[in-house]
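Below: the structure, in structure tokens.
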Amino acid sequence: MITKCIFPVAGYGTRFLPATKIQPKEMLPIVNKPLVQYGVEEAMDAGLTDIGFVTGRGKRAIADHFDISYELEHQIKGTGKERYLDSIRNVIANCTFTYTRQQEMKGLGHAILTSRVMVGDQPFGVILADDLCVEQSEGVMAQMVKLYKQFRCSIVAIEEVPMADISRYGVIAGECIKDGLYRVTDMVEKPPADKAPSNLAIIGRYILTPDIFEILEKTPPGANGEIQITDALLQQAKDGCVMAYRYRGKRFDCGSVDGFVEATNFMYTEYYKHGKL
Ligand code: UTP
């Protein structure tokens with residue numbers, strides 16, 4: 001059973017400055033809900049209710065968001081506005097929250113290694129909240145948990161991206177096992193288009209087995225001088241098995257302004273206007 005989900009939220013969010021000067025990127029709202037809450041709800045719906053944040057300086061608002069605000073509760077109790085708190089109350093009631101700090105921004109691999117103290121010796125999910133994934137019937141993490149039960153190895157979520165964008169992603173090569181499912185044979189972080197092994201890019205959803213920590217400890221800095229989870233996963237794929245899964249659903253790259261605006265328009269027209277947010 002997987003119960004833990006890690007949220008690396010230590011990044012600076014420089015693409016959203018000055019909005020992210022004193023507030024975390026993950027707290028920027030898509031319509032009326034902070035990005036990070038969408039991610040936590042996706043984890044919760046997959047049964048991953050032990051939530052661990054790898055935070056950094058200036059990220060305290062996240063911890064406050066996932067806690068009761070007694071003053072607010074008191075103010076709106078019994079009024080027609082109470083329903084606006086339903087979704088966050090539900091998350092707080094059903095999940096536990098743990099925090100640890102990544103003291104230096106040494107990359108996603110390093111952020112995940114920092115989460116070891118919260119994870120221990122069990123498989124766990126990782127969600128990058130700036131990739132907002134939307135799926136009506138079954139969230140992406142829930143889809144991946146099902147696969148994990150079958151394969152018992154690390155799994156990365158992938159999608160096809162245009163070659164012009166491929167250098168922004170970790171990219172896999174793999175042996176196709178069945179439609180949308182690959183056994184990873186190669187992985188490269190941010191390759192130039194002519195060196196990319198495919199157009200299958202890794203998005204911000206992972207299930208990792210705990211042996212990843214030992215590998216990460218030995219992983220030297222790679223692309224951009226950062227410790228890359230992609231490099232550690234390639235090692236894991238060589239030693240054993242890593243699967244890549246073409247998820248069902250729609251993803252918005254909310255770490256970029258274009259993706260953020262697209263997500264906002266989509267969530268407003270498809271969900272908020274129909275009373276579904
Ligand atoms: P990004 O590089 O997309 O996020 O990292 P960023 O650094 O916050 O954004 P920009 O590029 O400055 O605008 C992807 C995810 O990994 C986390 C980030 O918080 C983000 O969710 N991350 C990245 C860490 O937690 N620690 C790191 O050292 C690097």
Side-chain angles (χ1 to χ4, degrees), residues 4-30 34-40 42-43 51-63 65-66 97-119 124-133 140-141 156-159 161 165-171 187 189-190 201-206 208 212-213 216-217 219-233 251-263:
K4 301 212 173 182
C5 192
I6 296 301
F7 287 76
V9 293
Y12 294 123
T14 46
R15 283 170 285 175
F16 281 86
L17 282 169
T20 46
K21 188 178 166 202
I22 56 127
Q23 76 172 323
K25 168 175 78 173
E26 296 78 11
M27 287 302 294
L28 295 178
I30 300 293
L35 253 182
V36 67
Q37 190 181 325
Y38 289 96
V40 171
E42 184 186 325
I51 307 296
F53 290 99
V54 180
T55 71
R57 284 171 288 279
K59 300 278 182 170
R60 284 199 191 139
I62 296 175
H65 184 70
F66 292 105
F97 301 94
T98 315
Y99 301 84
T100 192
R101 276 203 184 190
Q102 185 188 15
Q103 274 145 4
E104 287 176 279
M105 254 26 81
K106 291 196 210 158
L108 180 57
H110 182 258
I112 291 172
L113 181 57
T114 306
S115 78
R116 187 178 200 170
V117 61
M118 300 189 284
V119 172
F124 60 105
V126 175
I127 289 184
L128 303 187
D130 38 14
D131 268 345
L132 172 62
C133 292
V140 175
M141 190 48 79
V156 297
I158 50 164
E159 71 177 38
V161 302
D165 297 336
I166 202 84
S167 63
R168 291 175 15 213
Y169 294 89
V171 183
M187 257 189 195
E189 185 62 32
K190 299 189 172 60
I202 303 170
I203 65 143
R205 299 290 182 278
Y206 305 79
L208 302 174
I212 198 76
F213 293 125
L216 277 169
E217 269 185 341
T219 302
N224 297 343
E226 297 182 332
I227 296 177
Q228 299 291 351
I229 187 65
T230 316
D231 295 340
L233 279 164
R251 176 190 69 106
F252 298 94
D253 173 12
C254 296
S256 75
V257 172
D258 288 349
F260 189 90
V261 173
E262 265 173 53

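As the structure lists them, so they are numbered: ligands from 1, and atoms in each ligand from 1. This chain uses plain numbering: 1 for the first residue, then up along the sequence.
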With no hydrogens and no angle check, do the side chains of His65 and Gln37 hold a donor and an acceptor under 3.5 Å apart? yes
Please name all residues satisfying side-chain contact (heavy atoms from CB on, under 4.5 Å) with Lys190, sequence neighbours left out, ordered by chain then number. Asn224
Considering only heavy atoms, which protein residues lie less than 4.0 Å from any atom of ligand 1? Pro8, Val9, Ala10, Gly11, Tyr12, Gly13, Thr14, Arg15, Lys25, Glu26, Gln102, Met105, Lys106, Gly107, Leu108, Ala111, Asp130
Would you call the rings of Phe53 and Phe7 parallel, tilted or perpendicular, taking 30° and 60° as the class edges? tilted
Among Val126, Leu208, Thr219, Ile202, side chain to side chain contact (heavy atoms under 4.5 Å, CB included) partner for Ile229: Leu208
Salt-bridge test for Arg205 and Asp131: reply yes if a basic N is under 4.0 Å from a carboxylate O, no otherwise. no
List the atom of Met105, the atom of Ala10, and the distance in Å for their closest heavy-atom pair. SD-O, 3.2 Å
